[in-house]
Amino acid sequence: MERTFIAIKPDGVQRGLVGEIIGRFEAKGFTLIGLKLLIASHELAEQHYDIHKERPFFKDLVSFITSGPLVAMVWEGDGVVASARRIIGATNPLTAEPGTIRGDFAVSIGRNIIHGSDAIETAQREIGLWFTDAELANWESTMKPWLVE
Ligand code: IDP
Ligand code: MG
């Protein structure tokens with residue numbers, strides 16, 4: 001079953017949006033497989049954003065993402081990787097559609113409140129980076145027959 005890595009960044013936690021954001025993925029019908037609140041180490045943040053290490057904003061991005069607690073999650077469901085990206089919205093919150101998380105709650109690219117894996121392979125890498133196998137729960141929701149034909 002397809003899984004994706006989602007993180008509510010420190011701005012989302014500070015702004016009290018944790019419940020709202022988790023609620024959107026729950027209400028959509030995806031299954032929560034892993035969840036924890038932590039302050040990421042510098043090393044973990046650098047590994048997570050390794051693909052951006054040559055970009056001018058990399059240093060600020062790593063220091064921001066490690067500046068306070070974030071909520072790391074794994075969500076499961078058919079097509080969850082691409083669907084979660086649509087629920088999250090465009091990277092720049094000013095161009096993110098209303099109804100998306102970034103479109104509804106953010107105004108600045110450096111404070112866009114949430115991360116979501118951009119592809120299935122990226123999701124596998126990121127889940128492995130943030131979670132051990134023991135931290136992930138393999139379970140099936142009793143709602144499944146009401147969600148999936
Ligand atoms: P994504 O989060 O929508 O996948 P990426 O291009 O992977 O966007 O960039 C990772 C994160 O780096 C963004 O969510 C944003 O917080 C930050 N970022 C991206 N581009 C810029 C920029 O031009 N200035 C400042 N921060 C940026
Ligand atoms: Mg990205």
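Order of listing sets the numbers, starting from 1, for every ligand and every atom in it. Computed over heavy atoms, backbone and side chain alike; hydrogens, waters and symmetry mates excluded. Along the sequence shown, residues carry numbers from 1.
- In this structure, R102 counts as a contact residue of ligand 1, since one of its heavy atoms falls inside 4.0 Å of the ligand.
- For atom 19 (C) of ligand 1, the closest heavy atom belonging to the protein is F57 CZ, 3.4 Å.
- Residue K28 qualifies as open at atom NZ: its count of foreign heavy atoms under 6.0 Å is 12 or below.
- Within the 4.0 Å heavy-atom criterion, the part of N112 lying near ligand 1 is the side chain and not the backbone.
- H52 pairs in a side-chain hydrogen bond (donor to acceptor under 3.5 Å, both in side chains) with only one of the listed residues (E54, R55, H48), which is R55.
- Both tests do not hold together for K9 against F64: distance to the six-membered ring centre under 6.0 Å, angle to the ring axis within 45°.
- The N/O atoms of I109, backbone and side chain alike, include one that comes under 3.5 Å of an N/O atom in ligand 1.
- Atom CD of Q14 sits in a sparse spot, with 12 or fewer heavy atoms from other residues, nucleotides or ligands closer than 6.0 Å.
- Atoms of ligand 1 found under 4.0 Å from any heavy atom of Y49 (numbered from 1 in listed order, with element): 10 (C).
- Not a single heavy atom of D118 lies less than 4.0 angstrom from ligand 1.
- Side chain of W139 to backbone of L32: a donor-acceptor contact under 3.5 angstrom is found.
- Only the side chain of K9 comes within 4.0 Å of ligand 1, judged by heavy-atom distances.
- The environment of CG in L129 is crowded: more than 12 heavy-atom neighbours from other residues, nucleotides or ligands sit within 6.0 Å.
- Protein heavy atom at the shortest distance from atom 5 (P) of ligand 1 is H52 NE2, 3.4 Å.
- Listed here is the closest heavy atom pair of I6 and A84: CD1-CB, 3.8 Å.
- Taking only nitrogen or oxygen atoms, main chain and side chain alike, H115 does not reach within less than 3.5 Å of ligand 1.
- Only the side chain of R85 comes within 4.0 Å of ligand 1, judged by heavy-atom distances.
- The shortest N/O to N/O separation between T91 and ligand 1 falls below 3.5 Å.
- Shortest non-hydrogen contact noted between I65 and A45 is CG2-CB, 3.3 Å.
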